[in-house]
Amino acid sequence: MTRQRRRKIIRARRTATGVALVAALSFVAGMTDAIGLSMSGDFVSFMTGNTTRAALSLEAGDYVHAATLLLAIVTFVAGNASGIVIAHTSNRRVFMVLCAVGLTLAFAALLQMRGLETGSFYLVVFAMGVINAAVEHVEGLPIGLTYVTGALSRFGRGIGRFILGDRKLDWTIQLVPWLGMIAGAMSGAVLATVYSTIALFTVSLLVFVIALASVFMPYSLRRRYNQDVAISRVKSRR
C-alpha cells in the first residue's frame, strides 16, 4: 500500500468517525433543547433567540424575564469556556467533556424533580455550552453541535460555490448537525410530553453511552476534533 493511499484511508476513517460523533451529539443537543424549551418556555442552546427575546422583554418592561435570558446567555458562554478547559486538560477529551455534560444533566434532572425549575434550567444551559467543546471541527471544517444557523449558512454558501463551478463537496458535512438536531428535537418533544419526569435523566444516560463509546476511539482520532490551544508561559526574570 502506498503512503498516499494509506493517508486517504486514514483521512476517510477520521471523517467517518467525526461525522458519526457529530450526528450523535447533535441528536442529544436537539433532544435537550426540545425538553428544555418544554420545561421552561425558553431556549437552552439557541442564544440568538434568547438575545432577541431578551431585547423584546426589555422593551416591554418585563425586566425579570429579560434578566433570566441574559443570565442564560452568560451561563451558556461559561459552559463553552468550561468545556474547552475540560477538553484540554485531559488526554480523553471527548470522554471527559461528555461525562461533565452527563453529570450536569443528571443534576438538572434531580433539581427538576424537586421543583427547582430555575436551577435546572440554568444547569441545562450550562451543559449545552459544555458539549460544544466535544467536537469543534472535522478535518478542518467548523462544526456547531447546539446551533445549526451557522451550519445551514455554510451549507447554503457551499451550494452557491457549487453552482459557480467549485466541485468540492466537503460543505455537505454541514447538513449532519441539522439532521441530528431535528431528529433529536422530535424525539425530545415526544419524551417531554410522554415521560416528562424522566426526560432529562434519559438524555443524561444517552450522553454517558456516547461517552463510553468514545473510549474505543483511537488516541490519534480523539485529539483530532478539537482546536489546538497555544498556552504561553512567561517566566519571571530576576
Side-chain angles (χ1 to χ4, degrees), residues 18-54 68-69 72-73 75-77 79-80 83 94 97-98 100-109 111-113 117-118 120-136 138 142-156 172-211 213-214:
V19 168
L21 189 58
V22 168
L25 295 180
S26 295
F27 181 85
V28 167
M31 286 186 70
T32 309
D33 211 14
I35 293 169
L37 184 61
S38 299
M39 178 180 71
S40 65
D42 293 312
F43 298 110
V44 295
S45 67
F46 182 44
M47 294 303 118
T48 301
N50 282 345
T51 299
T52 303
R53 295 185 69 182
T68 298
L69 294 175
I73 294 169
T75 302
F76 182 77
V77 173
N80 277 273
V94 177
V97 169
L98 294 183
V101 173
L103 288 172
T104 304
L105 289 175
F107 191 33
L111 292 185
Q112 182 189 23
M113 292 178 65
E117 301 288 348
T118 301
S120 179
F121 168 71
Y122 286 118
L123 282 177
V124 174
V125 171
F126 184 82
M128 288 298 93
V130 174
I131 201 173
N132 281 292
V135 179
E136 296 180 274
V138 174
I143 292 292
L145 298 177
T146 63
Y147 50 93
V148 294
T149 302
L152 291 176
S153 175
R154 287 186 287 269
F155 184 79
T172 57
I173 195 177
Q174 301 296 338
L175 201 58
V176 174
W178 181 80
L179 291 173
M181 176 69 77
I182 193 169
M186 290 189 292
S187 300
V190 173
L191 193 61
T193 302
V194 181
Y195 302 106
S196 59
T197 56
I198 63 169
L200 285 178
F201 272 123
T202 303
V203 178
S204 175
L205 180 60
L206 182 56
V207 171
F208 280 120
V209 170
I210 299 173
S214 72

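Two residues are said to be in side-chain contact when any heavy atoms from C-beta on lie closer than 4.5 Å; Thr104 and Val130 fail this criterion. No side-chain heavy atom of Phe208 sits less than 4.5 Å from a side-chain heavy atom of Leu105. When side chains are defined from C-beta on, Ile210 counts as touching Leu21, because their heavy atoms get closer than 4.5 Å.
Val101 pairs with exactly one of Leu25, Val207, Val203 by the side chain to side chain contact (heavy atoms under 4.5 Å, CB included) rule, that one being Val207.
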Ignoring hydrogens and angles, write down the donor-acceptor pairs under 3.5 Å from the side chains of residues 178-197, residues two or more places apart or on other chains.
residue, atom, partner, partner atom, Å
Ser187, OG, Ala183, O, 3.1
Thr193, OG1, Ala189, O, 2.8

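Contact detail for Val125 and Ala72: the closest heavy-atom pair is CG1-O, 3.3 Å. Taking all atoms of both residues into account, the shortest heavy-atom contact from Ser40 to Phe121 is OG-CD1, 3.3 Å. The minimum heavy-atom distance between Val44 and Gly36, with the atom names listed, is CG1-CA, 3.9 Å. Across all non-hydrogen atoms, the minimal contact from Met128 to Ala29 is SD-CA, 4.0 Å. Residues Leu206 and Met31 approach most closely at CD2-SD, 3.9 Å, considering heavy atoms. For the residue pair Ala108 and Val124, the shortest heavy atom distance occurs at CB-CG2, 3.8 Å.
Legend: residues meeting ring pair (Phe, Tyr, Trp, His ring centres under 6.0 Å) with Phe46, ordered by chain and number and at least two apart, are Phe43. Looking at residues two or more places apart in sequence or on another chain, you find no ring pair (Phe, Tyr, Trp, His ring centres under 6.0 Å) involving Phe107. Checked against salt bridge (Lys or Arg N to Asp or Glu O under 4.0 Å), Arg53 has the following partners two or more places apart in sequence or in another chain: Asp42. Residues satisfying the ring pair (Phe, Tyr, Trp, His ring centres under 6.0 Å) test with Tyr122, not counting sequence neighbours, are none.
Separating the CG atom in Leu123 from the CG atom in Leu103 is a distance of 11.5 Å, to the nearest 0.5 Å. To the nearest 0.5 angstrom, Thr149 atom OG1 is 12.0 Å from Met47 atom CE. Here the OG1 atom belonging to Thr75 is positioned 11.0 Å from the CG atom belonging to Leu69, to the nearest 0.5 angstrom. One finds the CD1 atom of Ile73 at 6.0 Å from the CG atom of Asn50 (value rounded to the nearest 0.5 Å).
Using modelled atom types, one side-chain atom of Ser214 and one backbone atom of Ala211 make a donor-acceptor pair closer than 3.5 Å. At distances below 3.5 Å, not a single donor-acceptor pair connects side-chain atoms of Ser204 with backbone N or O atoms of Leu200.
The salt bridge (charged side-chain N to carboxylate O under 4.0 Å, His left out) contacts involving residues 27-41 comprise nothing, where partners must be two or more places apart or lie in separate chains.
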